[in-house]
Amino acid sequence: MKTLKVGMLGCGNVGSQIVRLLVANKADLASRSGAQLELVKVAVKDIKAKRDGIATSLLTDDPYSVVNDPEVDLIIEVIGGISPAKELILAAFKNGKSVVTANKALLAKEGAALYQAAGEANVDLYYEAAVAGAIPILRPLRESLVGDHVTRIMGIVNGTTNYILTKMDESGTAFADALKQAQELGFAEADPTADVEGIDASDKAAILAGLAFHSRVTDKDVYREGITKITATDVKVAKAMDMVIKLLAITELTASGEISVRVHPALISRTHPLASVRESFNAVFVEAQSAGQMMFYGKGAGGEPTASAVLGDLVAIARHKVLGGIGPKESDYASLKIAPMGETKTRYLIRLNVADKPGVLESVAHVFASHSVSIQTVRQTGAGDKAELIIMTHTSTESALSATVNELGKLPAVTDVASVLRVEGAI
């Protein structure tokens with residue numbers, strides 16, 4: 001059996017699990033790929049750091065010695081970030097080596113350049129692990145659903161924020177306390193900005209949108225809001241309405257044939273399949289014209305789940321190396337435009353703190369009507385001379401809703417606009 005030599009860039013939590021699984025599953029991987037997969041070089045920052053199960057003879061602190069080595073056939077990139085990951089992958093392509101990467105940020109920013117370089121070199125670029133860890137979602141979009149028309153994707157693609165929101169929902173915990181708990185358990189980084197501000201999810205949303213709608217979509221095309229403004233009161237109100245708050249990555253085709261792509265917290269009914277996705281798990285809900293509705297669910301992060309996805313891709317590119325041919329190239333033939341966020345349509349839940357006196361509800365309703373935003377329900381609670389209005393709208397555009405909220409904040413009777421949350425999912 002032919003032997004294919006593998007070089008790896010990075011050896012942190014994910015990389016160490018890749019090495020372990022390469023050894024533990026050596027025979028099975030050989031049978032499935034048609035070649036013995038031999039790890040021969042691993043580039044790391046500190047070759048003196050202790051790494052159990054990894055021979056020091058494999059380590060190098062010169063990553064270019066891996067991608068430029070003529071003996072190395074295939075490359076795994078798990079160092080993350082933009083540079084030097086981009087330059088290293090491009091060098092690998094130039095040297096005729098196919099690459100497996102888990103680098104969502106790089107793909108969201110520079111995916112077009114990577115695809116072009118891989119195409120020119122006639123090599124593979126695989127990246128299943130870049131979105132939702134072990135959950136197979138990218139390959140179904142690239143391959144299984146190419147005979148169909150995807151119309152909408154709505155997913156929970158960040159485990160940290162889902163853990164935080166789960167704790168807030170189930171225990172009534174405040175955001176700060178839930179975040180601290182997530183950090184103590186290792187579900188959140190010491191600096192959680194990329195997660196709680198939706199940056200991680202927006203990178204993944206860009207990748208999903210590009211694959212689903214055969215167009216180039218970058219992180220700059222994604223509207224983004226994080227979960228830092230979600231309060232215990234928001235969660236309490238959602239529970240009273242039999243709903244739950246999730247940070248959702250959403251991409252869909254608009255009526256005008258453009259791509260809407262956004263990441264933000266949203267209310268969904270507890271009857272929706274995504275509502276039951278708890279703690280650090282991920283799930284992606286896909287709607288297609290012929291296939292209908294599908295949900296992909298599982299562990300969206302962690303060393304072992306991510307390594308599982310990486311090795312699945314490694315087997316795929318190894319097969320192509322043995323048998324000839326390459327996998328799918330970039331599919332950007334549709335070249336659809338990105339819809340402005342202001343044209344996005346959904347429902348909204350608005351909480352207003354107001355003076356409890358005659359005429360307030362009438363003045364509030366007038367503002368909604370003046371911007372053609374239709375009110376579905378109104379609930380009022382009050383104590384003394386203060387009251388809270390909880391208003392659910394019918395479907396409206398983002399621009400009309402924003403104008404409505406801006407004018408509501410200027411009404412003398414409105415103390416403040418406590419929160420505005422989008423409402424998603426018809427199920």
Side-chain angles (χ1 to χ4, degrees), residues 1-44 47 50-79 85 88-103 114 117-118 121-130 133-134 136 138-139 142-143 302-329:
M1 184 178 285
K2 184 176 182 178
T3 295
L4 293 178
K5 295 184 178 181
V6 179
M8 189 164 72
L9 306 173
C11 195
N13 183 35
V14 173
S16 62
Q17 292 299 326
I18 291 172
V19 174
R20 183 183 68 80
L21 292 174
L22 270 172
V23 174
N25 301 331
K26 183 177 181 179
D28 287 335
L29 293 173
S31 297
R32 295 166 188 173
S33 64
Q36 297 285 349
L37 300 177
E38 180 187 357
L39 185 66
V40 294
K41 275 191 176 182
V42 180
V44 296
I47 59 176
K50 185 178 179 181
R51 293 178 175 85
D52 294 334
I54 303 176
T56 56
S57 60
L58 297 178
L59 304 179
T60 176
D61 57 5
D62 178 10
Y64 282 96
S65 71
V66 179
V67 296
N68 291 329
D69 188 338
E71 297 296 316
V72 172
D73 300 294
L74 308 172
I75 296 292
I76 297 171
E77 184 274 308
V78 285
I79 57 177
L88 289 166
I89 291 175
L90 292 176
F93 291 156
K94 188 175 181 180
N95 291 322
K97 307 179 196 301
S98 292
V99 175
V100 175
T101 179
N103 197 330
L114 296 180
N122 202 36
V123 294
D124 278 319
L125 171 63
Y126 271 60
Y127 48 91
E128 184 65 60
L138 300 188
R139 197 171 300 177
R142 290 177 83 180
E143 301 176 26
E304 287 191 22
T306 306
S308 170
V310 168
L311 289 181
D313 281 350
L314 185 65
V315 167
I317 66 172
R319 284 175 181 164
H320 298 156
K321 190 76 173 177
V322 172
L323 300 174
I326 58 173
K329 297 184 179 181

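These numbers come from the heavy atoms of this one structure, side chains and all, not from hydrogens, waters or symmetry mates.
Listed by chain and number, the residues in a side-chain contact (heavy atoms from CB on, under 4.5 Å) with Lys94 amount to none (sequence neighbours excluded). Qualifying side-chain contact (heavy atoms from CB on, under 4.5 Å) partners for Leu59, counting only residues two or more places apart in sequence or in other chains: Val42, Val44, Ile47, Arg51, Ile54. Taking Lys5 as the reference, Glu71 meet the salt bridge (Lys or Arg N to Asp or Glu O under 4.0 Å) condition, with sequence neighbours excluded. Partners of Ala307 by side-chain contact (heavy atoms from CB on, under 4.5 Å), not counting sequence neighbours, listed by chain and number: Gln17, Ile18, Leu21.
Although no hydrogens or angles enter the test, the distance criterion places no donor-acceptor pair under 3.5 Å between the side chain of Lys41 and the main chain of Thr60. Under the 3.5 Å distance criterion, the side-chain polar atoms of Thr306 are left unmatched by any main-chain donor or acceptor of Gly303. A donor-acceptor pair is defined here as one N or O able to donate and one able to accept, closer than 3.5 Å; no such pair exists between the side chain of Arg32 and the backbone of Arg319.
Under the salt bridge (Lys or Arg N to Asp or Glu O under 4.0 Å) criterion, the residue pairs touching residues 12-25 are Arg20-Glu304, with sequence neighbours excluded. Counting only residues at least two apart or in different chains, salt bridge (Lys or Arg N to Asp or Glu O under 4.0 Å) contacts with residues 305-315 comprise Arg139-Asp313.
Among all heavy-atom pairs drawn from Val14 and Gly302, the shortest one is CG2-O, 4.5 Å. In terms of heavy-atom proximity, Met1 sits nearest to Gly34 at CG-O, 3.5 Å. The heavy-atom pair separating Ala118 from Leu125 by the smallest distance is CB-CB, 4.2 Å. Pairing each heavy atom of Ala129 with each of Ala102, the nearest pair is CB-CB, 3.8 Å. Residues Ala117 and Phe93 share a closest heavy-atom pair of CB-CD1, 3.8 Å. The shortest heavy-atom contact between Pro328 and Arg142 is O-NH2, 2.8 Å.
Distance check, rounded to the nearest 0.5 Å: NE2 of His320 to OG of Ser33 gives 11.5 Å. Atom-to-atom distance recorded for Asp69:CG and Lys97:NZ is 6.0 Å, nearest 0.5 angstrom. The line from CG of Leu138 to CD of Glu128 is 4.5 Å long, rounded to the nearest 0.5 Å.
The shortest side-chain heavy-atom distance between Leu29 and Val315 falls under the 4.5 Å cut-off. Between Tyr127 and Asn103 the shortest side-chain heavy-atom distance does not fall below 4.5 Å. A 4.5 Å side-chain heavy-atom check between Leu114 and Leu90 finds at least one atom pair inside the cut-off. Two residues are said to be in side-chain contact when any heavy atoms from C-beta on lie closer than 4.5 Å; Asn95 and Asn68 meet this criterion. Considering only heavy atoms from C-beta on, Leu74 comes within 4.5 Å of Leu314 through its side chain. Counting only heavy atoms from C-beta outward, the side chains of Leu9 and Val67 approach each other to under 4.5 Å. Residues Glu77 and Leu88 form no side-chain contact, since every pair of their non-hydrogen atoms from C-beta on lies 4.5 Å or further apart.
Each of Leu4, Val322, Asp124, Ile76 was compared with Ile317 under the side-chain contact (heavy atoms from CB on, under 4.5 Å) criterion, and only Asp124 meets it.
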Given the rule in the side-chain contact (heavy atoms from CB on, under 4.5 Å) test, do Asn122 and Ile326 qualify, once you have shown the distances and angles that lead to the verdict? CA-CA 7 Å; Asn122 202 36; Ile326 58 173; 3.4 Å; yes
Step-by-step side-chain contact (heavy atoms from CB on, under 4.5 Å) determination, Leu311 to Leu22: CA-CA 8 Å; Leu311 289 181; Leu22 270 172; 3.9 Å; yes
